[in-house]
Amino acid sequence: MNGPNKQERIQRALYHILDATTRSRTLDELLLRIHEQVQTVMQASNFFVTMYDPSSDRYSFLYHVDEYDTVTLNSPVDLSGGFTDLVRKRGEPILGHREDVQELLEAKTVRILGKEAESWLGMPFRAGDDVGVVVVQSYARGTRYTASDEDALKVICGQIGLAIERKRSADETAKRQQLLDRILDNVSMGFAINHTVTGQVLYVNDAFPRAYRISRADCANMGAFFKAVYGRHPELGQRILADVQSGDPARMAWEDIEMVGTDGETFYVSASNIPLPEQQLMISTVLDVTAQKRLRDKQAELESRLQMTARLESVGVLAGGIAHDFNNLLTAILGNLNLAADEADAAERSVYLEHAARACLDATHLTHQLLTFAKGGEPVLRVAHIANLVRETVDFSLSGSNVKADVHVEEGLSAVEVDEGQLKQVLHNLVLNAQQAMPEGGRITVRASNASRSDPASGAQERTVRIAVRDTGPGIAAADLSRIFEPFFTTKKKGHGTGLGLATAYSIIRRHNGTLSVTSAPGHGAEFVIELPASTAAPAATMEPKGMAVAGANRRILVMDDEPEIRHIVVRILKSSGFDAVAVADGAAALELYEEALRSQQPFAAVILDLTIPGGLGGRATVAGLKALDANVRAIVSSGYSDTHEASSYQEQGFVASLQKPYTRDDLIGTVARVVGE
């Protein structure tokens, strides 16, 4: 193929090899195209490409076409001592003919591998760090490769090495991409990448449309995606879009998004966006959390029922002790009233009445404690000091029992953020559990102190409040310690407990971001330790009690209550302090009287409304009616129920103050005076 245009053929071959590097889908296809181009420059019907592996001292044929010999591609083969090996070792081309082979054989420089060729040309090349050899050979007599062929193959081999290196790198990248796609298509989390300027979706795995219950076609671009996903939820779509457009990463994570599929079924997803502004890209992830959400909801419902059942159980166990204490208080009340009735001396009579009033307040405290245990649900947290709570709950829980308690509260005990009612229940359950472990009597030691612990996430030390409850009972067997907080697990005799008290306590403390643990050894009692995060915030301020001597200045007060005795007492107390008070039995009468007072231009300065009127108009409905008559009505809610929600939301209901029954004369006069004076 010698001629004046050979150089042009070489240039064309190099161009086509370069083009084949980008167009060929595989390395095999690339090497076939290279072979075709080599044949345009020289006689190359027999052509092969090998790569050397220094770790095994073996060669692999990447491409092989030969009239006589056959090989297995990409399999290690021993070519040591052959012409190919000699080319690689010398690092330079070898051009030889049949007579040259004989000289090399006689010198034992090479050995014959395969069919002996008439003319043979081998050329070393590099593909990255690897060394290879390209060989052309001819078996036809009279065919001879020339120095011109050697120069041409040398030029082409430089391009062959680059082409092989690029193609192998591209193939490796494609394999990694295929592997990544296969992995991402088989994970439960959905991934998508889109261009933030054009809205084009550049990548989406199978889990992404599956999580949103849409098709891959709906992910062609962001417009189609938003229409498919949020077309049935326009308000949600607007909120999500506003979050994305804000560019604030903190707003681009959404938990438990409630959605409805085309089949009408409700499902939940958690999604997030990761903006890459420099690349104008957005990575979106989504996870179908329907099963987890429903499981959490069921668990929360179970825990709520568990807590309620435990409260009922613990209150039932306490009934005997409470009855004992309540009977004692009633005896004190009746006894002092009887003594006061028989006493002629006014000073002595006043002392008896004061003792009776004190016993009534103690009974009030007892009923409030009992009502606390009837509450449930998520904790209503507020910052509080719990020193008195600990002391009072321990005393309350041991009412009427033969167990004594030593309560030690560290001076300067930190405040904590708690639901006081639920914390009382936990302490009550622990103390009651300890008391039941000592049926013959014993001693319980309760210590509340400041402490610290390591944060599980960061490892940093955080301040805590630790409450330890230790008894002198028989202790807990080692086999039972690991199950002590399991629902319905109990070591008590049948009929003496359901095994819910400790499980409930554990659940409550966990919801307070605290821990509840136990240590025990048979014969040495047991110690339960509560650890709650300390709060740096100040407890909410409490209102100072008002004095008794308040002049009503004939201000008109309307009282509504279904109990005649309460109406009588409240009116008498208000009149004794200078107020002009009148009482009615239900809301309808209150509305009628209030409207009449407005018409006669003798309006009421304030109204006291009982929250619940059996068979009649209660406080909520009445205050709404009064607001319609007088937008400036000053209404005070009065209730005998211990309800945290009502106590905290009375202002939302239209009231300006709250009186919790039973209340004292000072509470009544102080509240009314404050309301009419504001």
Side-chain angles (χ1 to χ4, degrees), residues 255-256 291-318 369-382 384 386 389-390 393-394 396-397 416-437 446 448 453 455-457 462 464-469 471 476 480-492 496-520 526-535 642 644-645:
E255 298 292 333
D256 296 344
Q292 298 93 314
K293 175 71 165 56
R294 290 172 179 166
L295 182 62
R296 288 196 304 270
D297 290 347
K298 286 182 179 178
Q299 183 179 2
E301 181 183 358
L302 177 62
E303 288 184 352
S304 179
R305 290 181 179 178
L306 182 150
Q307 290 184 24
M308 184 59 68
T309 304
R311 289 186 191 94
L312 294 174
E313 177 198 359
S314 59
V315 170
V317 173
L318 263 180
Q369 289 270 25
L370 281 171
L371 288 170
T372 294
F373 291 107
K375 296 188 300 176
E378 287 294 325
V380 180
L381 303 177
R382 73 180 189 91
I386 60 170
L389 181 150
V390 171
T393 304
V394 172
F396 169 74
S397 301
V416 289
E417 191 175 10
V418 294
D419 182 315
E420 294 186 51
Q422 290 193 3
L423 181 58
K424 287 177 182 179
Q425 185 191 352
V426 171
L427 286 171
H428 165 70
N429 285 350
L430 296 182
V431 172
L432 184 62
N433 194 68
Q435 181 252 319
Q436 291 175 338
V446 180
R453 67 178 178 184
D455 182 80
E462 63 174 351
T464 63
V465 169
R466 179 178 296 160
I467 306 170
V469 180
D471 64 62
I476 304 170
D480 296 333
L481 272 178
S482 61
R483 303 186 59 194
I484 200 71
F485 296 117
E486 290 181 12
F488 305 109
F489 175 78
T490 179
T491 58
K492 299 171 186 175
H496 289 76
T498 61
L500 293 173
L502 291 179
T504 300
Y506 186 87
S507 172
I508 290 174
I509 295 302
R510 188 183 65 184
R511 292 190 180 203
H512 281 72
N513 297 317
T515 60
L516 175 59
S517 58
V518 59
T519 56
S520 180
E527 183 178 52
F528 288 83
V529 177
I530 302 167
E531 198 146 20
L532 297 169
S535 175
S642 177
T644 300
H645 177 71

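The first residue in the sequence is number 1, and the count goes up from there.
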Go through the structure and list residues passing salt bridge (Lys or Arg N to Asp or Glu O under 4.0 Å) with E417, not counting sequence neighbours.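 Per chain and number, E417 pairs via salt bridge (Lys or Arg N to Asp or Glu O under 4.0 Å) with no residue.
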Identify, with sequence neighbours excluded, every residue that meets salt bridge (Lys or Arg N to Asp or Glu O under 4.0 Å) alongside R294.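 With neighbours one apart ignored, the set is empty.
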Nearest 0.5 angstrom please: [X] [atom1] to [Y] [atom2], how far?
{"X": "Q292", "Y": "D297", "atom1": "CD", "atom2": "CG", "answer": "11.5 Å"}
{"X": "L516", "Y": "I467", "atom1": "CG", "atom2": "CD1", "answer": "10.5 Å"}
{"X": "I530", "Y": "I386", "atom1": "CD1", "atom2": "CD1", "answer": "8.0 Å"}
{"X": "N513", "Y": "L532", "atom1": "CG", "atom2": "CG", "answer": "9.5 Å"}

Output all residues satisfying side chain to side chain contact (heavy atoms under 4.5 Å, CB included) with [X], sequence neighbours left out; order by chain, then residue number.
{"X": "A526", "answer": "D471, I476, S520, F528"}
{"X": "S517", "answer": "V529"}
{"X": "D256", "answer": "S270, V289, K293, R296"}

List for me each residue that meets side-chain hydrogen bond (donor to acceptor under 3.5 Å, both in side chains) alongside E531, sequence neighbours excluded, and say none if there are none.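 Result, side-chain hydrogen bond (donor to acceptor under 3.5 Å, both in side chains) vs E531: T464, R466.
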Do Q422 and H512 make a side-chain contact, defined as non-hydrogen atoms from C-beta onward lying under 4.5 Å apart?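 Yes - at least one pair of side-chain heavy atoms lies under 4.5 Å apart.
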How about L389 and L427: do any of their side-chain heavy atoms sit closer than 4.5 Å?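 Side chain of L389 against side chain of L427, heavy atoms only: contact under 4.5 Å found.
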Can S397 and H428 be counted as having a side-chain donor-acceptor contact under 3.5 angstrom?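 Yes, H428 and S397 have a side-chain donor paired with an acceptor closer than 3.5 Å.
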